[in-house]
Novice: 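Before I ask anything, let me first share the structure, which is written out below as structure tokens.
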Amino acid sequence: MKTGLQKREENMTFLKSVPLLKNLPSEKLAKIADVLEYDFFHENEYIIREGAAGDMFFILNKGEVKVTQMIAGQSDPKEVRRLKRGDYFGEKALLSEDRRTANVIALPPGVECLTVDRDAFTQLIGDLNELHNKDY
Ligand code: 6JR
């Protein structure tokens, strides 16, 4: 069995490896480590649906996802990119209070994400320049 302390250390080590978070002070990372949750998704499962409301931010811990988006005049969503361990998604709906801008779908064999809710995101992550300057 892992102790709470071991789990916290593991989370801290991973958070330090996430490019988005690498310049945050340890105290802030520790706060994120304390509030994050784990979420698991089966292959082909929709983690995020375009057009839905959203209150969660995701950091990919294991596996890969594909991002798809509706294009005007086309009936099927088109793949726009793939994301891997250490990448994040779901920030746009939290920054703008808008609907989700794309679908995010788990690729085989499935995905493990760290999730941060809207309150913690706003307090600890939401003011990072990288998020605001992101230009897809
Ligand atoms: N675009 C998440 C990854 C893209 C991408 C282009 C866009 C928007 P969310 O998909 O956050 O949920 O994290 O909206 O909370 O190329 N993602 N690649 N979003 N939006 C989103 C991102 C992630 C879905 C993308 C994304 C656009 C283009 C034109 C408005 C207008």
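Atoms within each ligand, like the ligands themselves, are counted from 1 in listed order. Position 1 is the first residue of the sequence, and the numbers go up from there. Side chains are part of it too, since the values below use all heavy atoms of this structure and drop only hydrogens, waters and symmetry mates.
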Novice: Within 45 degrees of the axis of the six-membered ring of Tyr46 and under 6.0 Å from its centre: does Arg49 put its NZ or CZ there?
Specialist: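 Yes, Arg49 sits over the ring of Tyr46.
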
Novice: Would a search of protein heavy atoms around atom 25 (C) of ligand 1 find one under 4.0 Å away?
Specialist: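 At least one protein heavy atom is under 4.0 Å away.
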
Novice: Numbering the atoms of ligand 1 from 1, which are under 4.0 Å from a heavy atom of Val67?
Specialist: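 Contacts of ligand 1 toward Val67, numbered from 1: 3 (C), 17 (N), 18 (N).
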
Novice: Applying side chain to side chain donor-acceptor pair (under 3.5 Å), can you list everything that pairs with Asp117, at least two apart in sequence or on another chain?
Specialist: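 For Asp117, no residue satisfies side chain to side chain donor-acceptor pair (under 3.5 Å) once neighbours in sequence are set aside.
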
Novice: Between His42 and Ala106 (side chain of the first, backbone of the second, donor and acceptor by atom type, cut-off under 3.5 Å), is there such a pair?
Specialist: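 Here the side-chain-to-backbone pair does not exist.
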
Novice: If you measure every N/O of Ala93 against every N/O of ligand 1, is any gap under 3.5 Å?
Specialist: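 Min N/O separation from ligand 1 is below 3.5 Å for Ala93.
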
Novice: Gly90: heavy atom below 4.0 Å from ligand 1, yes or no?
Specialist: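 For ligand 1, residue contact (heavy atoms, under 4.0 Å) with Gly90 is present.
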
Novice: Could you check whether Glu97 pairs with Lys92 (Lys NZ or Arg NE/NH1/NH2 to Asp/Glu carboxylate O, under 4.0 Å)?
Specialist: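 The answer is no: the pair does not qualify as a salt bridge.
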
Novice: Distance from Met1 atom CE to Gln6 atom CD, nearest 0.5 Å?
Specialist: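 Separation between the atoms: 9.5 Å.
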
Novice: Taking atom 16 (O) of ligand 1 as the point of reference, which of Arg49, Glu50, Lys134, Arg81 owns the nearest heavy atom?
Specialist: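 Nearest heavy atom to atom 16 (O) of ligand 1 lies in Arg81.
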
Novice: Return the orientation label for the Phe58 and Phe89 ring planes: parallel under 30°, perpendicular over 60°, tilted otherwise.
Specialist: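 Ring orientation of Phe58 relative to Phe89: parallel.
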
Novice: What are the atoms of ligand 1, with element, lying closer than 4.0 Å to any heavy atom of Ala102?
Specialist: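 Counting atoms of ligand 1 from 1, those under 4.0 Å from Ala102 are 10 (O), 24 (C).
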
Novice: Under a 3.5 Å distance rule, please check whether Glu50 uses its side chain to pair with a backbone N or O of Met70 as donor and acceptor.
Specialist: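 Looks like yes, one N/O pair under 3.5 Å.
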
Novice: Sequence neighbours left out, what passes side chain to side chain donor-acceptor pair (under 3.5 Å) with Tyr38? Give chain and number order.
Specialist: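 By the side chain to side chain donor-acceptor pair (under 3.5 Å) rule, Tyr38 matches Asn11.
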
Novice: Under 4.0 Å from a heavy atom of Ile48: which atoms of ligand 1 are those, numbered in the order shown and with their elements?
Specialist: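 Those of ligand 1 that fall under 4.0 Å from Ile48 are 12 (O), 24 (C).
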
Novice: Once you restrict to heavy atoms under 4.0 Å, what part of Thr101 touches ligand 1? Side chain, backbone, both or neither.
Specialist: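 Answer for Thr101: both.
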
Novice: From the options Tyr88, Tyr136, Phe57, select the one whose nearest heavy atom is closest to atom 4 (C) of ligand 1.
Specialist: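 Among Tyr88, Tyr136, Phe57, the closest heavy atom to atom 4 (C) of ligand 1 belongs to Tyr136.
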
Novice: Can you tell me how far apart CZ (Phe40) and SG (Cys113) are? Round to the nearest 0.5 Å.
Specialist: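 Going from CZ on Phe40 over to SG on Cys113, the span is 9.5 Å.
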
Novice: Which residue owns the protein heavy atom closest to atom 15 (O) of ligand 1, what's the atom, and how far is it?
Specialist: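 Atom 15 (O) of ligand 1 sits closest to the protein heavy atom Arg100 NH1, 2.6 Å.
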
Novice: Tell me: protein heavy atom nearest atom 13 (O) of ligand 1, and distance?
Specialist: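 So the nearest neighbour among protein heavy atoms is Glu91 OE1, 2.5 Å.
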
Novice: Using a 4.0 Å cut-off to any heavy atom of Phe89, which atoms of ligand 1 qualify?
Specialist: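 Going through ligand 1 atom by atom, the ones under 4.0 Å from Phe89 are 13 (O).
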
Novice: Judged on heavy-atom distance to atom 28 (C) of ligand 1, which of Lys92, Arg99, Gln69 sits nearest?
Specialist: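 Going through Lys92, Arg99, Gln69 one by one, Gln69 has the nearest heavy atom to atom 28 (C) of ligand 1.
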
